[in-house]
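We're numbering straight along the sequence, starting at 1. Counting starts at 1 for both ligands and their atoms, following the listed order.
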Amino acid sequence: MKNILVTGATGFIGSHTSVELLENGYNVIGIDNLYNSDKDVLSSIEYITGKSVKFYEGDILDYSILKKIFLENNIDCVIHFAAFKAVGESVEKPLDYYYNNVSGTLNILNCMREFNCKKFIYSSSATVYDKDNPIPYLEHYKKSATSPYGYTKVMVEQILSDIYVSDKDFSCVMLRYFNPIGAHKSGLIGENPKGVPNNLMPYICDVAISKREFLNVFGNDYNTVDGTGVRDYVHVVDIARGHLEAMKYVLISKGNIGINLGTGKGTSVLELVECFERVSGKKINIRICGRRDGDIDEFYADTTKAREILGWESRFDIEDMCLDSWNYIKAHI
Ligand code: WQD
């Protein structure tokens, strides 16, 4: 049985990936500082899979706990989710973002080197693509960023590329998620950020359960189908499946590759709201307001590389994503 270290194991994508790994016969060792998640996610994972995560509460910035994990477990591969991910917050607190997202990753990579672990899956993001690229985005397109959050992803991708140049035995896949939403069909795990949601779907869910009065639609004057922002929303369980396939790939190969995880389809804010209203039966009140700094009109993925290299493609559509999000959030009111 292979032992997989999952950082950010109780987070939105980390928890869904842990379920996928356990259900496919891998041992999961998890670390999380519970900054943006709750420990009760572990019991939900155990209920869903009948297996448990070997969990360490701690911070990736604490080398001693990373060393303890590697001393106590023979780690075959690391899947690294733990990071701050709010674009707007990163503009206000750049030092926190560079310290946590870049130095935290360096801590993990240094510990992997100390224990000769050379298999790494990195939680990257479509935000690494330069906003002037044509769409759909292809993996070789120009990278840049419009926020410190985005630059932490660009910087870590560069670090991983340089490590591979120095050590051809290092094997890494950088998974560039587009917009993960949805929840496990059990309704036991899903997206439940602490504080005011930065992202669209958790905010829609808050309005649906009357936790918030209306959704601010950040601009309706974009050059898109209805003037609102268009994104490639992808089901979190599809994202989790993508990590499983990427991990199988790095365990048997060497190299350093970036791969998009998206559906290849764009959906506007208003289209997502309409779909959510249809599947939930809930009215989502909206207020059109100004554009949000850093936002762009439209982007979505070219998914050829994921299909050809990982044999992965998304299975769930926007209705599934809305229904599963609604199913989760109404069970957690
Ligand atoms: C989606 C659309 C907004 C909130 C970012 C990161 C990406 C990933 C996902 C971490 C946009 C509009 C949003 C709201 C709105 N992060 N919107 N009202 O900005 O595409 O991507 O989050 O993994 O790396 O770049 O996602 O959900 O914030 O916004 O109108 O209250 O919804 O303008 O068009 P985004 P988002």
Salt bridge flag under 4.0 Å for residues R278 and E319: yes
Heavy-atom side-chain contact between F178 and Y137 under 4.5 Å: yes
Under 3.5 Å: N/O of R292 near N/O of ligand 1: yes
Identity and distance of the protein heavy atom lying nearest atom 34 (O) of ligand 1: G229 CA, 3.5 Å
Side-chain donor/acceptor of N199 to backbone N/O of M201, under 3.5 Å: no
Nearest non-hydrogen protein atom, atom 18 (N) of ligand 1: N216 O, 2.7 Å
Protein contact to atom 20 (O) of ligand 1 [nearest heavy atom, distance to 0.1 Å]: R231 NE, 2.7 Å
V78 versus I75, closest heavy-atom pair with distance: CG2-CG2, 4.0 Å
Aromatic ring proximity, centroids under 6.0 angstrom, Y97 and F84: yes
Numbered atoms and elements of ligand 1 in range of V87, under 4.0 angstrom, heavy atoms: 6 (C), 25 (O)
P180 versus I239, closest heavy-atom pair with distance: CB-CG1, 4.2 Å
Polar atom proximity, L200 to ligand 1 (N or O, under 3.5 Å): yes
For V217, atoms of ligand 1 separated by under 4.0 Å from a heavy atom: 30 (O)
Those atoms of ligand 1 less than 4.0 Å from some heavy atom in T127: 24 (O), 25 (O)
Shortest protein heavy-atom distance from atom 12 (C) of ligand 1, along with the residue and atom involved: V269 CG2, 3.8 Å
Ligand 1-proximal atoms of N199, by part, heavy-atom distance under 4.0 Å: both
Cationic N near anionic O, under 4.0 Å, K142 to D132: no
Residue and atom name of the nearest protein heavy atom (relative to atom 1 (C) of ligand 1), distance in Å to one decimal: Y233 OH, 3.5 Å
Atom 10 (C) of ligand 1: the protein heavy-atom neighbour that sits closest, reported with distance to 0.1 Å: Y149 OH, 3.3 Å
Top protein contact for atom 33 (O) of ligand 1, by heavy-atom distance: D295 OD2, 2.6 Å
Region of N179 that comes within reach of ligand 1 [heavy atoms, distance under 4.0 Å]: side chain
CA sep, side-chain torsions, deciding dist, call: S123, K153, side chain to side chain contact (heavy atoms under 4.5 Å, CB included): CA-CA 8 Å; S123 168; K153 296 297 182 181; 4.2 Å; yes
Under 3.5 Å: N/O of Y177 near N/O of ligand 1: no
Donor-acceptor contact below 3.5 Å, side chain T17 vs main chain A240: no
Under 3.5 Å side-chain donor-acceptor pair for N3 and N74: no
Any F84 heavy atom less than 4.0 Å from ligand 1: no
Min heavy-atom dist Y222 to ligand 1 below 4.0 Å: no
Parallel, tilted or perpendicular, as decided by the 30° and 60° cut-offs, for the rings of F12 and H16: perpendicular
Distance-only N or O hit between ligand 1 and F218, under 3.5 Å: yes
Proximal ligand 1 atoms for N198, defined as those under 4.0 Å from one of its heavy atoms: 4 (C), 28 (O)
Contact check, side chains of V236 and E191, non-hydrogen atoms, under 4.5 Å: no
Per-atom contacts of ligand 1 with S125, taking only distances under 4.0 Å to non-hydrogen atoms: 7 (C), 24 (O)
